[in-house]
Trainee: 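Supplied in structure tokens, the structure appears directly below.
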Amino acid sequence: SGDENAGHYRMLAERTAQFAMGPQEQSPWSRNLRMVAGLQFLGGSMATAAVQLSSLPMNVVPNLYQHTSYGSAWTKTLSAAKLTFANFKTLRDLVKLKDSNVTIPGVDAELKAALARAGEDGTRLDTELYQLMGLTRGGVFAKSRGVQQAIATWMAPFRWSEQANRIATFIAAYRTGQENGLAGDKLYEFAQKLVYDTQFRYDEANRPAITRSPTWAVLFTFKSYPIFMAEMIYMLFKEKPQAGVAMLAGLTLAAGTNGIPFAEDLMDLIDTISQRVFGRPFNSKRALHNMLKSASEAAVGADWSNVIMNGAANELLGLSIASRVGLGNLLPGTRTFAVDADTESQLKEIFGPVGSMVHNWSRGIGAGLQGDIVELARTGAPSAIQNIIKGVEQGIAGYAQDVKGRKIVDVNGWQAFWQALGFSSSTLSQAYELDRMDKQSTAFYNHMRQEFMQQIVGAIRDGDREKIQETVDAINSWNEANPDMLIRLNPASVRRNLVQAQLPINQRTLQMLPKPLRASSIARETAMEAEAE
């Protein structure tokens, strides 16, 4: 009571409680957009459900390792998962868990009672689904039984995997606690905490205060999981470094070095500083790829760069697992200020899934208005349907294609099948990554070439011989430092740019227009009026 900050903390607690319990009627648009994003990207997707189950080996095992041996953590997690999958229907049924006449193989009365308690207090509730769908906030979607049933059906794969994760985690943690001599409430609280630590709490109060704003809540959609994962890794290192190492090792195995938290963000920052401050065409990801390629070929006679950068899971399964479980790109838009930045991609990162969804809808609606129903579904339909369309098209054509219908890589029948379920092939993912590196290098090269062209043209126009020589020397220095990216300025191009720089804007625009457009251009009309005067 004597704490001078007591009033502040009390007010903060009251606001948080009011936010968590209130219906938030002032932001239905925000809640509805997040709900639609959940339906768009998570609904009906077998791939999303399968990837979510990866939290058992990646999250639960390292956390259990804090309280038991690493081998025991694996054994208990796998045993709990097997038990959960075999008896899922009964384990999630609160009535059956409370029925003393119902027996579950491998589950004693004490564990059964604890599972029933976990069902009552929400420990094993699929909280992310409920948070995304707005079913606990008193919104319109919570009041319609028909809408709830439709949502539950469409979200069934995601909901099943989230509940299975929580039940299996609780069982594994409960058995670990028993092994450590815990009992009663302490045992239950131990298991409950491990569920929250590994499967997380997605209620809106358990997130940064800034996201309580309707707009920021939309931008934060699907951001909870990677942030919680990064926090968990930090806490593991703090509590038991060996467990933190195990967590990072598992993440690297699944997603490679690119999947380590903030790895891609750091590379974007390095590239931006290199390009903007030092004017160097450095691409961190390309440099790392080349270094690992040379080192692995020298050491084992084979290129292992993709395995190291994107994870062994990609290589072993032939599927793009890294893109789904990696945490390398935690901060959106970190490449925005790089010279080679792709503006559209950066905007999609910044505005998140909701922005991407709206962008795809606009493309799909445009195609639909032109009567192209397939393109409407391919771009505007929920992701699960889009993947089915992609899988069918790949199976028929024998190759994957981009949004413009151009061939990317060959695809076999199995790869097309997995694409229909939501898993792109690792070959396709790698092709996109390598192509992105080349496009980034090309963008920076074109930028520097244009910079030198502008400098030389400006110096010639001003008659500044010293500046001309400085620019020529700068080009020579560039070529010496970058022999694989030589810049040569064609004298004819320099003359053309010099002439255009001295023309009025309407005449310059007229010269740059395609010939079929010149006759009807406003620039031509303006030029003719100027000549008449």
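Note that this is a predicted model, so its numbers are computed, not measured.
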Trainee: Should we count CZ of Phe337 as having more than 12 external heavy atoms under 6.0 Å?
Mentor: no
Trainee: Aromatic rings Phe417 and Trp414: how do their planes relate, parallel, tilted or perpendicular, breaks at 30° and 60°?
Mentor: perpendicular
Trainee: Return yes when atom CZ of Phe351 has more than 12 non-hydrogen atoms of other residues, nucleotides or ligands closer than 6.0 Å, and no otherwise.
Mentor: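 For Phe351, atom CZ is not crowded (no more than 12 foreign heavy atoms under 6.0 Å).
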Trainee: Quick one: do Arg378 and Glu375 make a salt bridge, cutoff under 4.0 Å?
Mentor: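 Answer for the salt bridge query: yes.
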Trainee: Taking CE in Met437 as the centre, count heavy atoms belonging to other residues, nucleotides or ligands within less than 6.0 Å. Is the count above 12?
Mentor: yes
Trainee: Can you establish whether the number of heavy atoms outside Trp304 located under 6.0 Å from its atom CH2 is more than 12?
Mentor: no
Trainee: Measure the acute angle between the ring planes of Phe41 and Phe222, then classify it against the limits of 30° and 60° as parallel, tilted or perpendicular.
Mentor: perpendicular
Trainee: Quickly, which of Arg335, Arg436, Arg286, Arg276 forms a salt bridge (Lys or Arg N to Asp or Glu O under 4.0 Å) with Asp340? Name it, please.
Mentor: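 Answer to the salt bridge (Lys or Arg N to Asp or Glu O under 4.0 Å) test with Asp340 among Arg335, Arg436, Arg286, Arg276: Arg335.
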Trainee: Is there a donor-acceptor contact under 3.5 Å from the side chain of Tyr234 to the main chain of Gly244?
Mentor: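 No.
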Trainee: Compute whether any side-chain donor of one residue and acceptor of the other, for Thr198 and Asn63, lie under 3.5 angstrom apart.
Mentor: no
Trainee: Under a 3.5 Å cutoff, is there a donor and acceptor pairing between the side chains of Gln440 and Asp271?
Mentor: no
Trainee: Using only atom types and a distance under 3.5 Å, with no angle test, would you say the side chain of Asn165 pairs donor to acceptor with the backbone of Gln52?
Mentor: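 It does hold such a pair.
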Trainee: Answer yes or no: are there more than 12 heavy-atom neighbours, outside Arg280 itself, under 6.0 Å from its atom CZ?
Mentor: no
Trainee: Under the rule for side chain to side chain donor-acceptor pair (under 3.5 Å), what residues qualify as partners of Gln419, not counting sequence neighbours?
Mentor: Asn387, Ser424
